[in-house]
Structures are given as C-alpha cells and as structure tokens.
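Please read the structure below before turning to the comments.
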2 protein chains.
Amino acid sequence: MDFSGLSEHSLEACRARETLDRVAEKWTVMVIALLGDRTKRFGELKRECVGISQRMLTVTLRGLERDGLVVRTVYPEIPPRVEYTLTKLGRTMLEALEPIIVWTESHGDEIDAARAAYDHRTSPEE
Amino acid sequence: MDFSGLSEHSLEACRARETLDRVAEKWTVMVIALLGDRTKRFGELKRECVGISQRMLTVTLRGLERDGLVVRTVYPEIPPRVEYTLTKLGRTMLEALEPIIVWTESHGDEIDAARAAYDHRTSPEE
DNA sequence: CAGGATCCCTGCCGATACTG
DNA sequence: CAGTATCGGCAGGGATCCTG
C-alpha cells in the first residue's frame, strides 16, 4: 500500500479531496450503489433511497450526470419516463467504492462500541 | 460484485450511509491517509493538511478518536506533545479506502472533462 | 505546542407549492 | 411522473483570540 502520493504531495491530496467531496455528497454513494443493479427510473430511485427528498435526488442525479458517472435518458411519453444508468466511468467508481461500503457494513458495530466507550469515559454521569 | 445488501435492504443502506458520513467529513480521509505513514504530532498534521484550520483538525481528530480509529497520546512535557496513531480498526479502514483514493487520483481528469462538456452543452454562451 | 471558546456566515438540505 | 422554484433553518466550518 503506497500513500506517498497523498502524504507527500499536498497538491495530489487536495485533488483527491476535491473528487472525494463528490463521493461525500450525502446521497452519492447510495444512488451509485442502487444503479449498480441496473438502469432505474426516477421514481424507483426515490422509493429505494429511503429518506431522500425529491429535490436532493434531482440535485444528486444532475451532479452525477455532469461528472459523467450517470446517463440520463428521457422518453418523450405521457406521463414522462426518465431512466438513469451508470456509465462505464460510473461502474469503475462503484467498484472502487465496494471495499469501503463493505467495510462500513462489517465494522459499524465496532464503531458504535468505541463511541459508546468514549462517551462513557468522558461523561460517565447519567 | 454483490450489492444486494445495499439495494435490497434499505436498513443496511442507511447503516452504510451513516458510517459513510464519517468518511465524508471533509478532512477525515486526508487525516487517516496522513497517519497511514506513521504516528504523527498535531503540528505535523496541521502542516501537512494544507488548508485545514486548527479548529477543524482538532474536531476531526476527536471524532476519529471517539470512533476508535485513532489513538491520542499525551506526553506530560513542556511544551506539550501529543501524538496520534491509527488503531488496528483505523488501518483496516485505510485499506478499504485505498481503492477509491486511487480512483479519484486516476480519474480526476475524466471527471473534469465530462464536467466541462456538460457545462458547454447546457450553457454554451460566454 | 496543542488546544478551548466565541463569533459569525455560508450553503446544504428539507418542506412546500407549482408545472409540462 | 418527473421535475422546477422558492423559502428558511441550522449546522459545518473559518477566523480570531485566549490558556495550561
């Protein structure tokens, strides 16, 4: 594992953080993961992204489209139908995301435990 | 690659997102990566995290300590010396982070290009 | 040196209402 | 159905000043 690019060159690091901001955008990872299955419609994503607002789904999808991670296809029908699909770039990103997604799923408990222990140490009262 | 856990169970997905929020915290990834080299002092991290404020470095490190990803060691000297080290859990997280860090470094240009093309399509004026 | 405490402002994001 | 537009709260985070 070589992180010299990150730790030695601040420019590289800044660049990485810049791109990571996109990953960090609250709903990005979930939307990308949901589209990993297959092409989906707007309403479908909205249903599966529990808790997301209509506005944020739109904003997130626009951002992903802008970054070339997702393609948006509009079918001129009534009622309208819009489908979203991962691009090739989007799929490589999902692959790169997989380890950290798996990590969060398998280490969530450890973090909760560490957090509880920390909170108990710092404020044992109550 | 199986993301059925993410796409089929919204609870799992929520859980993952919750943990990912921590990863998303503006400086988390950079600090973790910088500590990947070796144990470092507060001032050292501050110098290497170009652009971070003193406050945010403190806040970030406290969060990481709380989550059991980093250990904080205070040496009772004058002037004070405080060192930060990745825990075992922290190192596994860094490993899981590596692919996406590498991805951002190697696909930054593609994203920039896609973005420029998108912006040109939607607002060609100027 | 390594922070704690304050002030303050920006922009993220949710809620709501409206449209092709 | 799949958006756009608008308003508003509030928390993330920067700048600054102070301390053991």
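In what follows, chains carry the letters A, B, and so on, assigned in the order in which the sequence lines appear, proteins first and then strands, with residues in each chain numbered from 1. Side-chain atoms are counted along with the backbone in the values below, which use heavy atoms only and exclude waters and symmetry mates.
- Salt-bridge check for A/Arg81 with A/Glu83: passed, with a basic side-chain N closer than 4.0 Å to an acidic carboxylate O.
- Annotation: of the two residues near DNA chain D, B/Pro79 and A/Arg62, the 5′-most nearest-nucleotide partner is A/Arg62.
- The distance from the CE atom of B/Met56 to the CG atom of B/Leu61 is 10.0 Å, given to the nearest 0.5 Å.
- Between the CD1 atom of A/Ile52 and the C1' atom of D/dG3 there is a distance of 14 Å, given to the nearest Å.
- For the pair A/Gly51 and B/Phe42, both in contact range of DNA chain C, the more 5′-proximal nearest nucleotide belongs to B/Phe42.
- Cation-pi geometry between B/Arg72 and B/Tyr84 is not satisfied (NZ or CZ under 6.0 Å from the ring centre, within 45° of the ring normal).
- Note: CD (B/Gln54) to C1' (D/dC18) measures 11 Å, nearest angstrom.
- Counting non-hydrogen atoms under 4.0 angstrom, B/Tyr84 reaches the backbone sugars and phosphates but no base.
- In this structure, CG in A/Leu57 is found 4.0 Å from CZ in A/Phe42, a value given to the nearest 0.5 Å.
- Using a 4.0 Å cutoff to heavy atoms of chain A, the contacted part of DNA chain C runs 5' to 3' from C/dC13 to C/dG20.
- Closest to the side chain of A/Arg55, out of D/dT6, D/dG20, D/dG13, is D/dT6.
- Residue A/Lys46 places no side-chain N or O under 4.0 Å from the OP1 or OP2 atom of D/dG3.
- Salt bridge status for B/Glu44 with B/Arg38: present, with a side-chain N to carboxylate O gap under 4.0 Å.
- Taking 4.0 Å as the cut-off between side-chain N and carboxylate O, A/Asp21 and B/Lys26 do not count as a salt-bridged pair.
- Taking CZ of B/Arg62 as the reference point, atom CG of B/Asp67 lies at 13.5 Å (rounded to 0.5 Å).
- Regarding A/Asp21, its CG atom lies at a distance of 15 Å from the P atom of D/dG12, rounded to whole Å.
- The residue among A/Met56 and B/Val82 whose nearest nucleotide of DNA chain C is located toward the 5' end is B/Val82.
- Taking atom CZ of A/Arg41 as the reference point, atom P of D/dG3 lies 10 Å away to the nearest angstrom.
- Protein atom CD1 of A/Ile78 is 14 Å distant from nucleotide atom C1' of D/dG3, rounded to whole Å.
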